[in-house]
Every structure is written in structure tokens, then in C-alpha cells.
Amino acid sequence: MKQQPNPGGSFNSGMDWQMQRPDGHDQPSRERNLRGGREENRGPPSAFDQRPDWAPRNTGNEERDRSPLRSSAVSRLAIGTGPTSGTPEPAPQPVPSEPEVVGDVVTIDDLVSTPGRFMRPPKIAIILRGPPGSGKTTMAKMIKDREVENGGSPPRILSLDDYFMVETEKMTLDKDTGRRVKTKIMEYEYEAELEDSYRASLVKSFKKQVDDGFFPFIIVDCVNNKVNHFTEIASHAKKQGF
């Protein structure tokens, strides 16, 4: 049987029942009034104070997240992860490297100028390295000129570029007669397919110069961009006392 609403009672309708609150729920409001208006100094009310009194103050998730049982379980889970529990993984040890062998470092002046030239070895072989156009040929000629200026014999220069020099004829202007005449000149013509064979010829010529012993001062002018391009030259010179 459906119950009829009581017009004289405290519950007039469903809306009236939702808006009315028990006296115990209004206790915080009375306590705020008794504190003498100290609540007014807190500034505007927050979203927490403005929510309806009938709304729940927490959803339960906050209490579960702050539960000591849950925190301890998460801590045990974090500690247990990894290859070994409770034992730190040792750091990798660096692999010891072999000591680098560094030879004596000298300058060109120490070799060709006084007083260093009087203390240098009797046989010297200089192997130049560098890309094309870096000044190897200029350096070789400078060393040769400095050696001659200080009273020494001209060093023997072996250059890979000499193998690419070809003789050609060109029409030039004769200064005496003013006529154009054919003149034979040497020009540099690089051919990549011949470089390996020319380098082998250079190594062969160097060995011959060393074995003959006519030149105690030899300079090798070559790109030598790879170590195996000059290791044979250097090892042979060391065996012959250079």
C-alpha cells in the first residue's frame, strides 16, 4: 500500500527530504559561528567548503592509496624487481689498454740547423703524409734548401707525383724573336688506375736508394693516406740503420 505524504510532518515531499539535514550534520556550521568569525580570515571558500553537505567527503580511493598495507606491498614489489633481490649489480670494470709507444718528437730545425744537426743520426729518412695540395712537395723542397744552406749534401727526394709527369708540346712566345714556337714542357696528369703501380715503383726505388747507400738523407713525398702504404718503407729503412 502506498504511503501518503504527511502535510503536517517534517517530511512534506521528496525534495523537502533531500534539502533538510539532521541537526548533527549542522554541527560544523555552529562551531564556525562559535569561533568568533575566525573563518572570515581564510579568504574565499574553497571548492571543498562549497560542496553540498550531503556529498561524500571522499570516494574511498584516497584512503585505499594511503593504506599502510598497500604502501608496504608496493615497496616490496619495487624492491623485488631486478635480476637479484637485495644484491646490487656490480659495475663493469674498464678493460686496461696497452700503453701507447711515443717516439722522440723533433722539429725540422733540430735536424738541419745548428747545433742540432751535429747531434742527429748519420742516416735520416723522412716520410711525409697528407692529402693532395696540403704542401708536402713544398715542405720537401724547403728541407732540401735548408740542408744545403747549412753545408749539407742535397737530400734525395722521392715523390709519387713525378710518376704522373708527362712531356707535352705547347706553343709558347719566344721572348727574343717575339714568335710563337713549340716548346716541350712537363705537365702533371693524374690517372687513378695507375696509382697502385706507381706506388709500388716508388717503394722499389726507395729500397734501391737505401741499399746503395749513396744518399744518407732521403725524403719520401707521397699521400700515404693508409698505414700499409708506408709501413714497408719505414721497416726497410730501420733495418738499414735509418
Side-chain angles (χ1 to χ4, degrees), residues 98-170 172-177 181-192 194-242:
E98 297 181 358
E100 183 180 357
V101 179
V102 180
D104 297 334
V105 179
V106 296
T107 63
I108 298 300
D109 289 336
D110 295 335
L111 295 177
V112 299
S113 301
T114 57
R117 63 179 293 105
F118 300 118
M119 296 178 290
R120 71 185 188 186
K123 296 180 179 181
I124 300 175
I126 298 178
I127 302 175
L128 301 178
R129 301 181 63 191
S134 59
K136 298 183 300 299
T137 303
T138 303
M139 175 65 69
K141 292 180 179 179
M142 184 195 70
I143 297 174
K144 180 179 178 180
D145 295 340
R146 293 287 298 274
E147 178 67 13
V148 173
E149 289 175 1
N150 288 276
S153 300
R156 182 73 168 97
I157 299 177
L158 300 177
S159 177
L160 183 63
D161 292 343
D162 293 341
Y163 292 88
F164 294 98
M165 301 299 293
V166 294
E167 185 180 22
T168 59
E169 290 184 356
K170 283 191 174 182
T172 59
L173 183 64
D174 190 356
K175 296 181 180 179
D176 298 333
T177 61
V181 296
K182 289 184 178 180
T183 306
K184 293 183 179 181
I185 59 175
M186 301 296 295
E187 287 187 345
Y188 176 81
E189 293 184 3
Y190 174 75
E191 297 181 18
L194 299 176
E195 182 176 353
D196 293 338
S197 61
Y198 287 166
R199 185 181 295 107
S201 300
L202 177 65
V203 174
K204 184 178 179 180
S205 176
F206 176 83
K207 290 182 178 180
K208 187 178 185 302
Q209 298 292 335
V210 170
D211 295 339
D212 292 344
F214 296 131
F215 296 94
F217 200 158
I218 303 176
I219 303 174
V220 179
D221 175 16
C222 186
V223 175
N224 292 322
N225 58 328
K226 296 181 179 180
V227 177
N228 58 356
H229 289 174
F230 63 89
T231 50
E232 187 176 357
I233 293 176
S235 60
H236 187 76
K238 289 182 179 179
K239 290 179 182 179
Q240 300 300 326
F242 279 80

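The model shown is predicted, which means the values in this text are computed figures rather than measured ones. FYI, the numbering just counts along the sequence from 1. Note: hydrogens, waters and symmetry copies are ignored here, and every other heavy atom, side chains too, is used.
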Report the distance from atom [atom1] of [X] to atom [atom2] of [Y], rounding to the nearest 0.5 Å.
X      : Y      : atom1 : atom2 : answer
Thr168 : Met186 : OG1   : CE    : 8.0 Å
Met119 : Leu111 : CE    : CG    : 10.5 Å
His229 : Thr231 : NE2   : OG1   : 9.0 Å
Lys184 : Lys170 : NZ    : NZ    : 15.5 Å

Check your understanding: Does any pair with a residue in residues 139-165 pass ring pair (Phe, Tyr, Trp, His ring centres under 6.0 Å), and if so which ones, sequence neighbours excluded?
Key -> Tyr163-Tyr198, Phe164-Tyr188, Phe164-Tyr190, Phe164-Tyr198

**Study point:** Residue pairs passing the ring pair (Phe, Tyr, Trp, His ring centres under 6.0 Å) test where at least one lies in residues 119-162, sequence neighbours excluded
**Key:** none

Validation: residues 125-134 side-chain donor-acceptor distances under 3.5 Å, sequence neighbours left out:
residue: Arg129; atom: NE; partner: Asn224; partner atom: O; Å: 2.8
residue: Arg129; atom: NH2; partner: Asn224; partner atom: O; Å: 3.1
residue: Ser134; atom: OG; partner: Pro131; partner atom: O; Å: 2.8

Which atom pairs, donor and acceptor, lie under 3.5 Å between side-chain atoms of residues 206-223 and protein residues at least two apart or in another chain?
residue: Lys207; atom: NZ; partner: Glu232; partner atom: OE2; Å: 2.4
residue: Lys208; atom: NZ; partner: Asp212; partner atom: OD2; Å: 3.0
residue: Asp211; atom: OD1; partner: His236; partner atom: NE2; Å: 3.0
residue: Asp221; atom: OD2; partner: Thr137; partner atom: OG1; Å: 2.7
residue: Asp221; atom: OD2; partner: Ser159; partner atom: OG; Å: 3.1

Exercise for review: Decide yes or no for Arg117 and Asn150: does some side-chain heavy atom of the first lie under 4.5 Å from some side-chain heavy atom of the second?
Suggested key: yes

Practice item. List the atom of Ser205, the atom of Leu158, and the distance in Å for their closest heavy-atom pair. Key: OG-CD2, 3.9 Å

Revision key, fill the gap. Gln240 and Lys123 have their tightest heavy-atom pair at O-NZ, 3.4 Å

Practice item. State whether the number of non-hydrogen atoms from other residues, nucleotides or ligands found under 6.0 Å of Lys144 atom NZ is greater than 12. Key: no

Practice item. For the pair Arg120 and Glu147, find out whether any cationic side-chain nitrogen is under 4.0 Å from an anionic carboxylate oxygen. Key: yes

Exercise for review: List for me each residue that meets salt bridge (Lys or Arg N to Asp or Glu O under 4.0 Å) alongside Glu191, sequence neighbours excluded, and say none if there are none.
Suggested key: none

Revision key, fill the gap. For Thr138, the side chain to side chain contact (heavy atoms under 4.5 Å, CB included) test, sequence neighbours excluded, returns none

